[in-house]
Every structure is written in C-alpha cells, then in structure tokens.
Amino acid sequence: MPELPEVAAVARRLHESAAGRTIVSAKFPFARTTRPQSGAALARRLKNRKILKVTRRAKNILIHLPDDDLLRIHLGMTGELYTADAASDVSPRARFALDNGREIIFEDSRHLGRVNLIHPRDLPAFESGYGVEPLSDEFTEEWLREHAARSRKPAKLFLMDQSQVAGLGNIWAAESLFVARISPFRAMNSLKPAKVRALHAAIREVLQAAVDSAYLNYSKPGETERGNTFPFAVYGRAGEPCLRCKRKIKRMVQGGRSTYYCPNCQR
DNA sequence: AACACGACCTGGTAGC
DNA sequence: TGCTACCAGGTCGTGT
C-alpha cells in the first residue's frame, strides 16, 4: 500500500490524534514485528513516554519521544496505523495504549512492516540509508541533473532507490515517468537536460497531487479504509489505452516488480 | 560497486 | 465449489 503520499497521510493523522498523549503500555505479540530488537525491551522503553509529534522520513513514520528517541514504524506492503478506542477486537502486530483510553493500532497482514526504537546515536546510520526528500527544497532540478549523470540505472530503478530519492515506490515512480514521457528502462545518465527538467517537474506534480488525495482519503477519524482511489495513468492499466496516444499500456517485469508504461510515448 | 534474484509473509482473485 | 497459480503499493540478504 504505502508510498510517500500514503505514509505522509498516516503520519499526519497520527500526529493529530496522538501528539501530546503518553504511551501507557505497548504490546508486540509477534517477535518479527520489532526485529532485530526485542519486543519486551522495546515495550519497557516506551512505557510512560510522551508523544511529542509524528513526522515522516522516506516511507517511515517517526514518533518523536523525549530525549530525541524516535519510534520508527515502517508499514511494509500492508501496514495500517491508526488510533481507535481501546479493547477493539482486532489482533494487531502492535498495540500502544494511550493515557486517554485510546490506543494506537498497527495491523500488518503480511508481516513485512516493522517497529523499532531509534536512539539518537543510531540516527546517522538510519539517515544514511535515505536520499533526498522529493517534496523538499533540496530536491531541485540541478540535484536531479547531477545525480542522473552519475547513474547508469534504468530510470524506474533509480527513482525507487531510497538512497537516491526517498519515498517513491512502484506506483508513483511509474506515474512520474509517464508524465515525463520517459521509458522506465532508459538509463538515467542518458537523459538530456530537457528530459531531466520534465522528470523533476513530473515527480513534484504527481507526488503533490497524490499527497493531497491521500490525505483526503485518510482524513476522517476512525476511518481505516484501504486502497487508493487515485486515478492512475499507467499503474495497473496493462492492455488499456494510453491516456495520451490510445495505444496499449504495457506491463513488464523490471527489478522483480511490475512496471507499467506506454511504449509509444515514453522514450 | 552494481546488479539480479530469492526470501520474507499473507490474502485476494482469476482461471480451470 | 474447490484447487492452483499468480499477483500485491517494500525491503533485505546473498551471490555473481
């Protein structure tokens, strides 16, 4: 489910519902959730800590605690994070009881997500895995031109590389490339300046629209609906007509993932 | 260093 | 209806 726009929406909602609250207790019924950390040890360190704010970095949700500790939640493919009335009947991967009688629930059917505590001394190691935030001022056309010139990767794999551009995933990388009319297989260092400019603009435009849409989808308190109703231009549309040229959208496997594109107008 | 590929998991759905 | 095969928006480790 979650790429940058969806994670941003979840983080924002969690901030609205949980910032200022104190974690009374935490439970991790599955060892896998907190790997490689111990669930019991993590629960001890969360007890009676106040939630200062909730932010996002790449596809991580960061719950800021006192003493610069960060509770980091990665949703994986199927993670859902929300606040609910206590004693709800779900059996989640993690449960955080709050001092107002509600709790933060982390569900994740595929167990691909995780919850960890990041101590300030481990922050540099955490940060070193991630590149520029594509909606930040740091992500400029110049940034993209310089980094594109240094990578022989196919454009789609470059965009999905979290150490380059943090937060793009399979859907929004494909959508950005469609808008910029660039083939997902095109080597980054072969892009001419005009294409780089188009790609930079496309990423900003597509992500900003998705962020707005995702927030709307998640904006109602208590709502936990899944799925993204955003009208995709290419993602998941194999065999359907291209919105620009009417030729068929194609699905290919690239880097082990499905890639959707228009072979006619993406070059 | 850079890439490909399987592993990690469960659940939904298309097809027989 | 039931079974099988494939697919899923993400990493992570291992091997070349």
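Within every chain, numbering begins at 1; the chains are lettered A, B, ... in the order of the sequence lines, protein sequences first and strands thereafter. Only heavy atoms go into these numbers, but all of them, side chains included; no hydrogens, no water, no symmetry mates.
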* Asked: Taking only residues two or more places apart in sequence or in another chain, which ones pass salt bridge (Lys or Arg N to Asp or Glu O under 4.0 Å) with E175(A)?
  -> none
Just the atom pairs and distances: protein N or O near nucleotides 3-9 of chain B's N or O, under 3.5 Å.
{"from": "dC8(B)", "atom 1": "O3'", "to": "R32(A)", "atom 2": "NH1", "distance (Å)": "3.0"}
{"from": "dC9(B)", "atom 1": "OP1", "to": "R32(A)", "atom 2": "NH1", "distance (Å)": "3.1"}
{"from": "dC9(B)", "atom 1": "O2", "to": "R110(A)", "atom 2": "NE", "distance (Å)": "2.7"}
{"from": "dC9(B)", "atom 1": "N3", "to": "R110(A)", "atom 2": "NH2", "distance (Å)": "3.2"}

* Asked: Of all residues at least two apart in sequence or in a different chain, which pass the ring pair (Phe, Tyr, Trp, His ring centres under 6.0 Å) check with F158(A)?
  -> none
* Does a side-chain N or O from S258(A) land closer than 4.0 Å to OP1 or OP2 of dA8(C), or not? -> yes
Polar atom pairs between nucleotides 11-15 of chain C and protein, under 3.5 Å, N or O only, would you list them?
{"from": "dT11(C)", "atom 1": "OP1", "to": "H74(A)", "atom 2": "NE2", "distance (Å)": "2.7"}
{"from": "dT11(C)", "atom 1": "OP2", "to": "K59(A)", "atom 2": "NZ", "distance (Å)": "2.4"}

* To do: Using side-chain contact (heavy atoms from CB on, under 4.5 Å) as the criterion, list what pairs up with E240(A), not counting sequence neighbours.
  => R237(A)
* **By ring pair (Phe, Tyr, Trp, His ring centres under 6.0 Å) - contacts of F139(A) (at least two apart)** => W143(A), H200(A)
* H111(A): ring pair (Phe, Tyr, Trp, His ring centres under 6.0 Å) partners, not counting sequence neighbours -> F30(A)
* Residues which pass salt bridge (Lys or Arg N to Asp or Glu O under 4.0 Å) with D67(A), listed by chain and number, not counting sequence neighbours -> R49(A)
* Could you list the residues that satisfy salt bridge (Lys or Arg N to Asp or Glu O under 4.0 Å) with R45(A), not counting sequence neighbours? => D69(A)
* Can R13(A) and S17(A) be said to form a side-chain hydrogen bond (donor to acceptor under 3.5 Å, both in side chains), step by step? -> CA-CA 6 Å; R13(A) 265 196 62 203; S17(A) 64; over 6 Å; no
* Asked: Whole Å only: how far is the CD atom of Q164(A) from the P atom of dA1(B)?
  -> 14 Å
Under 3.5 Å, sequence neighbours excluded: what are the donor-acceptor pairs made by side chains of residues 123-130 of chain A?
{"from": "E127(A)", "atom 1": "OE1", "to": "R57(A)", "atom 2": "NE", "distance (Å)": "3.2"}
{"from": "E127(A)", "atom 1": "OE1", "to": "R57(A)", "atom 2": "NH2", "distance (Å)": "3.0"}
{"from": "E127(A)", "atom 1": "OE2", "to": "R57(A)", "atom 2": "NE", "distance (Å)": "3.0"}
{"from": "S128(A)", "atom 1": "OG", "to": "A125(A)", "atom 2": "O", "distance (Å)": "2.7"}
{"from": "Y130(A)", "atom 1": "OH", "to": "N60(A)", "atom 2": "ND2", "distance (Å)": "2.9"}

* Asked: What pattern of brackets, bars and dots sums up DNA chain B from 5' to 3', given Watson-Crick or G-U wobble pairs under 3.5 Å, [ ] for crossing pairs and | for another strand?
  -> .|||||||.|||||||
* To do: Apply salt bridge (Lys or Arg N to Asp or Glu O under 4.0 Å) to E205(A) and list each qualifying residue two or more places apart in sequence or on a separate chain.
  => none
